[in-house]
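Okay, structure first, notes after.
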Amino acid sequence: MSKPYAPKEIEPKWQARWEADGLYHADIDESKPKHYALTMLPYPSGDLHIGHWYAMTPSDARARFMRMKGYNVMFPMGFDAFGLPAENAAIKSGIHPMVRTRQNIERMRKQLRSMGAMFDWRREIVSCEPDYYKWTEWFFIQLYKHGLAYRKKAPVDFCPNCNTTLAREQVWGEDRHCERCNTPVIKKDLEQWFFKTTQYAEELLRYDGIDWPERVRVLQTNWIGRSEGASVIFKTESGEDIEIFTTRPDTLWGATFMVMSPEHPLVESLTTPEQREAVQAYQLQAARQSDIEREAADKEKTGVFTGGYAINPVNGARIPVWIADYVLMTYGTGAIMAVPAHDTRDFAFARKYNLPIIPVIQPEGEAPLNGETMTEAYTGGGVMVNSGPFNGTQVNDKKGRENPGILAVAQWLEQKGIGKLAVTYKLRDWLISRQRYWGAPIPMIYCDKCGWNAVPEDQLPVLLPEDVEWRPTGESPLKFHPTWKHTTCPVCGGPAERETDTMDTFMCSSWYHLGYLSPWRKDVPFDEREYNYWMPVDTYTGGIEHATMHLIYTRFFHKALRDMGITQGNEPMLQLRNQGMVLGEDGEKMSKSRGNVVAPDELVERYGADTVRAYLMFFARWDMGAPWDSQGIEGTARWLRRVWMLFTDENQPGTASAETLRHLRRKTHQTLRKVTRDFENFEFNTIVSALMELLNEMYKAREAGAAGTPAWSEAQELYLKMMAPVTPHIAEELWSEVLGKPYSIHLQAWPTVDEEAAKEDEIIIPVQVNGKLRERVTLSIEASEDDIRTAALNAVAPYLEGRQPKKVIVVRKQLVNIVI
RNA sequence: GCCGAAGUGGCGGAACAGGCAGACGCGCACGACUCAAAAUCGUGUUCCGUAAGGAGUGAGGGUUCGAUUCCCUCCUUCGGCACCA
């Protein structure tokens, strides 16, 4: 009897050995192609979740595979350690977030080590440590110096529970709630710091040279929300400019009124004394309404006439200017021309307030549109009418300059100097100020005389004070600290105050992939040589939930740094792959309150890390995820026990037939071919099932006396190499200890497929009659198409009942279909 | 409303290029070993039917000798956006 499989003994043993030997250290080696494998770093909540395992262990397996393929692989790990939960916990417990965070990190490091992943811990970064956030501040200053960071007063989303502002991306759902705590957000007018993400909107829409999932690209594209049209200058009667944006300049002649957002700065001067009261009442009402109420799409349109008029620049028409809350100050210019005949919203508004409707696009082959009798706006293409010089111009359904009508009008507007082709984006600048303590300080100083100035770089980092008092309201202790904010102006030396807001934690994660390059360098954000060797990231893995947050920010950041000469290339991450989510056994999202959380530590304790790793790769398509199945893991546990037994049993050398051995070699190399391809494609579930199949074949081959033969040894060796990335510990134990091969299996090269061995020498051809499977014929691989045809016809003769086949289709060496 | 993804046995899933649907595993059933259980091993397991046979990849239609795969219409579920001018 061999000794039983004991993962609890072998796993810690090998982990310690690998660590001691620095087996996974990634150092520059010009003789090898590099591979930078990166997986999203965790927030140190204190416990590693099964979701972390699901994200990280297949990524680790892939990184290990690449290493065996001959790449010099870097696979680093760190902690995204700033953020609200730690601060909120501090308010409750009184324990400083740094203390708690460091404890949590220590615990999570242990848990991460239990995965047996090939992390190079020398490269670890912790975003809340001054060594790291010094550079987060430094990057802020670079953005500021290049005009990409600016401060402005704006209505911003504020979470009353977290007591801080949020970026637009952090506000979710129809009720516009806080991404973290689900509290509905409110609007506040605050002076805040922003990054000019909009300056990169156009470039962010291009995904040239990167292999990212279509899904992420679509999400980002929709989020950026590009629309092409024209900007046109209308004039008020007193001669002031009202700039509008429209996607339909071809309908300019049908503009019968204008609508401004209630907050539009020109409302004041346009409003006539008679209308002032009504306008102010409406403005007040709009201001009081929450965004939720205001932005409910199905709400009936309301508005108020300002009493003022504007002149339509294309035909001189005098048209009334209204205000209405369906026009948003935050999109376009905050003012629109209203063309009720061809826009659904304008139509509803015009009907309600009895405003004229003038059709200017006539659908071809239909009765002329009549503004008085139309029941809905006509939004399709046709021929321009009532449009002065453009009468007869074709308009189609295309958008922007692809539409001949739009293009012609836009060019004409430009010639006349009253408008031009223009593009507007939904993307807004990134609001990075947070009114909280636990984040990287914004390194800015305000002086009454000199205004805002950056902290001199030689004074970085601006450290968070440690002696702080927690307020139950969540208000930032930085604001109330007796001395911290008082400093001197870097320009005039007079008394000045620090910015007390801290940065959004997405700022920390926008450059962490650079942090890993050389955390030991204290004098530069990253070592240039390391950068030149390792960057860009070759494979990035993580959850889809970051599609419009982290993944946009980090792309923006890289492009901005590129333009400052700090980084090179256009994109930070070449290949992106998203894992799905492991749900609770009840099919719901895992949560403590539901009590459906699966604890990886317990699973490791019970089954060992290799089983957990293998199961996570096997139980679902990685990109889809699935509900957890606590019984299912028994299958992978059984697999590893069977592997263990097969390798540790005393096998009597047998006398297998040549046929048995050929079959074993064939299956071995076919499996290698499949496993190699599946690793390349991130298809982890079929890697494990292919290995299970091969194991079943090996058991059969042993039964038939294959043990002790060269084919058997080859199968064993390849089997362990194929397992090694998936289940690194058992593979090492069987390789180094049981088979006695040279340590370490993780330094072995990935084997190559022996195509000759993988070849089939017999083929089984299914024979269909009228598409229905009737027989199978077995032929030599050498059989010609004629041989196959003849054999097939003979085999199904009874089904033909003497009739002549109409057609016989022979598909390569795969199938025959006989049509009668 | 708009954009996107996904619908295959009791369950997770497989099917490289339009060519044997259900690999692999879970579960279940029966059997072997055992005083018994666990572990292990063996056999079976899409549905209807005793069987021959038939049906079958969300529904309906189309292309094709042949469709889980391609095209059209629709349904359901999930995700994102949402008065975006």
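Protein chains get the first letters and strands the later ones, always in sequence-line order, with residue 1 at the start of each. All values below were derived from every heavy atom in this structure, side-chain atoms included, with hydrogens, water molecules and symmetry-related copies excluded.
- Contact annotation: A:Arg215 side-chain N/O to B:C3 OP1/OP2 distance is not under 4.0 Å.
- Here the separation of B:C78 from B:G58, taken at their C1' atoms, is 15 Å to the nearest Å.
- Within the structure, every side-chain polar atom (N or O) of A:Lys301 is placed at least 4.0 Å from both OP1 and OP2 of B:A85.
- Along RNA chain B, the nucleotide nearest to A:Met692 and the one nearest to A:Asn222 differ in position, and the one closer to the 5' end is contacted by A:Asn222.
- Taking the P atom of each, B:U69 and B:G60 are spaced 13 Å apart, rounded to whole Å.
- Mapping A:Arg638 and A:Phe245 onto RNA chain B by nearest heavy atom places A:Arg638 at the nucleotide closer to the 5' end.
- Exactly one of A:Lys399, A:Arg401, A:Lys420 qualifies for a salt bridge (charged side-chain N to carboxylate O under 4.0 Å, His left out) with A:Glu228. That residue is A:Arg401.
- Consecutive Watson-Crick or G-U pairing (both distances under 3.5 Å) extending over three or more pairs maps onto RNA chain B as B:1-7 with B:75-81, B:10-12 with B:24-26, B:27-32 with B:40-45, B:46-48 with B:53-55, B:58-62 with B:70-74.
- Comparing the same atom, P, in B:U45 and in B:A6 gives a spacing of 32 Å after rounding to whole Å.
- With its glycosidic angle within 90° of 0, B:G9 is assigned syn.
- A donor-acceptor contact under 3.5 Å is not formed by the side chain of A:Lys426 with the base of B:C81.
- Aromatic ring centroids of A:Tyr615 and A:Trp628 lie under 6.0 Å apart.
- Between A:Phe349 and A:Tyr326, a ring centre-to-centre spacing shorter than 6.0 Å is recorded.
- When the C1' atom is used for both B:G22 and B:G10, the distance is 14 Å, rounded to whole Å.
- Between A:Met337 and A:Pro249 the shortest side-chain heavy-atom distance does not fall below 4.5 Å.
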Measure all distances between protein nitrogen or oxygen atoms and nitrogen or oxygen atoms of nucleotides 14-16 of chain B, and list the pairs falling under 3.5 Å.
from: B:A14; atom 1: OP1; to: A:Asn685; atom 2: ND2; distance (Å): 2.9

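- Look at CD on A:Gln631: it is 6 Å from P on B:C28, rounded to the nearest Å.
- Taking 4.0 angstrom as the limit, A:Asn696 places none of its side-chain polar atoms (N or O) nearer than this to OP1 or OP2 of B:A23.
- Distance OG1/A:Thr198 to CG/A:Leu204: 10.0 Å, rounded to 0.5 Å.
- Closest approach to the A:Val819 side chain among B:A85, B:C65, B:G54 is made by B:C65 (side chain taken as heavy atoms from C-beta onward).
- Contact check, A:Arg345 against B:C84: a side-chain N or O comes under 4.0 Å of OP1 or OP2.
- For the OP1/OP2 pair of B:C41 and a distance below 4.0 Å, the side-chain nitrogens and oxygens of A:Arg642 include at least one atom meeting the criterion.
- Note that OH of A:Tyr353 is 6.0 Å distant from CH2 of A:Trp322, once rounded to the nearest 0.5 Å.
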